[in-house]
Amino acid sequence: MKKITLFLFGLFCFSLGCHQLSEIEQYGQHYQKHRDYRSLNKVVSLMKLEVDTSYVQAILGEPLNMGFDYRYLVDSIGPNDCSIGAVFHINQEGHIDQKWIDEICE
């Protein structure tokens, strides 16, 4: 189902031809290429709550899928020697209900 959604999203974008990327899409592409904090932080701030997980993947690419949340890491380590990244918590309906970017110490 999610692959079909991503395919349809891609097909829709392709059909628009010279589609101007939205701000969140631009930051998402930059994050996918560079894995940088600045781009990921902007995506977290622009991402609306209650979006479907397929939208998160369309913007940021393949996550570290923990089953109950998606995680996206950057190329930095925080002051507690933990990876820095964004966490998108997934509710029972498969939508994002919480999001943040910080050290992930687990």
Side-chain angles (χ1 to χ4, degrees):
M1 177 73 174
K2 289 183 182 181
K3 288 184 179 182
I4 292 171
T5 303
L6 286 173
F7 173 75
L8 292 174
F9 179 76
L11 186 61
F12 172 75
C13 290
F14 180 74
S15 70
L16 293 177
C18 297
H19 169 67
Q20 177 75 17
L21 293 178
S22 69
E23 185 178 19
I24 194 169
E25 290 170 324
Q26 290 175 33
Y27 283 113
Q29 283 188 358
H30 193 272
Y31 167 77
Q32 288 186 53
K33 186 173 182 181
H34 301 284
R35 301 285 186 225
D36 63 306
Y37 179 87
R38 182 178 172 273
S39 298
L40 185 58
N41 188 44
K42 285 298 286 185
V43 169
V44 170
S45 69
L46 292 169
M47 184 80 61
K48 296 185 186 302
L49 291 178
E50 298 304 320
V51 297
D52 188 79
T53 55
S54 62
Y55 179 73
V56 178
Q57 287 184 354
I59 298 298
L60 290 170
E62 229 15 74
L64 294 172
N65 186 346
M66 306 303 284
F68 53 89
D69 65 30
Y70 282 178
R71 298 177 184 196
Y72 293 89
L73 303 178
V74 298
D75 59 357
S76 304
I77 301 294
N80 296 314
D81 291 326
C82 299
S83 297
I84 295 177
V87 177
F88 295 88
H89 184 265
I90 305 166
N91 67 17
Q92 292 180 345
E93 290 80 36
H95 296 104
I96 303 303
D97 64 355
Q98 297 175 41
K99 58 186 173 120
W100 65 91
I101 187 168
D102 202 352
E103 278 188 282
I104 303 172
C105 298
E106 294 182 309

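We number each residue from 1, following the sequence as shown.
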Start with the C-alpha gap between Val74 and Arg35, add the side-chain angles, then the distance that decides, and say whether side-chain contact (heavy atoms from CB on, under 4.5 Å) holds. CA-CA 5 Å; Val74 298; Arg35 301 285 186 225; 5.5 Å; no

Show your reasoning for whether side-chain contact (heavy atoms from CB on, under 4.5 Å) applies to Val87 and Lys99. CA-CA 6 Å; Val87 177; Lys99 58 186 173 120; over 6 Å; no

For Leu40 and Leu60, what are the C-alpha separation, side-chain angles and deciding distance, and is it a side-chain contact (heavy atoms from CB on, under 4.5 Å)? CA-CA 8 Å; Leu40 185 58; Leu60 290 170; 4.0 Å; yes

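Here CZ of Arg71 is found 4.0 Å from CD of Glu106. Values are rounded to the nearest 0.5 Å. Leu49 contributes atom CG, which lies 10.0 Å from atom CZ of Phe88 (distance to the nearest 0.5 angstrom). From Gln29, atom CD reaches atom NE2 of His34 across 10.5 Å, with rounding to the nearest 0.5 Å. Note that CD of Gln26 and CD1 of Ile24 are 11.0 Å apart. Values are rounded to the nearest 0.5 Å. The CD atom of Glu25 sits 9.5 Å away from the CD atom of Gln20 when rounded to the nearest 0.5 Å. Taking CD1 of Ile90 as the start and NE2 of His95 as the end, the distance is 11.0 Å to the nearest 0.5 Å.
Hydrophobic clustering (ILVMFWY, side-chain heavy atoms < 4.5 Å, transitive): Ile101 and Leu64 are in distinct clusters. Cluster membership for Val56 and Ile84, using ILVMFWY side-chain heavy atoms within less than 4.5 angstrom, is shared. Hydrophobic clustering (ILVMFWY, side-chain heavy atoms < 4.5 Å, transitive): Ile77 and Ile104 are in distinct clusters. The hydrophobic cluster containing Leu46 also contains Tyr55, counting ILVMFWY residues as joined when their side-chain heavy atoms lie under 4.5 angstrom apart, directly or transitively. Hydrophobic clustering of Ile, Leu, Val, Met, Phe, Trp and Tyr side chains at less than 4.5 Å, counting indirect connections, keeps Leu73 apart from Tyr37.
One N or O on the side chain of Asn91 and one on the backbone of Glu93 form a donor-acceptor pair closer than 3.5 Å. For the pair Gln32 (side chain) and Ile59 (backbone), a donor-acceptor distance under 3.5 Å is present. Not a single donor-acceptor pair under 3.5 Å links the side chain of Tyr31 to the backbone N or O of Lys42.
The heavy-atom pair separating Ile96 from Gln98 by the smallest distance is CG2-O, 3.4 Å. Residue His30 comes nearest to Ser39 through the heavy atom pair ND1-OG, 2.6 Å, listed as atom of the first residue, atom of the second, then distance. The two residues Pro63 and Gln57 make their nearest non-hydrogen contact at CD-NE2, 3.6 Å.
Around CD of Glu50, the count of heavy atoms belonging to other residues, nucleotides or ligands within 6.0 Å exceeds 12.
The aromatic rings of Tyr72 and Tyr70 sit perpendicular, their planes meeting at an angle over 60°, well past the 30° parallel limit.
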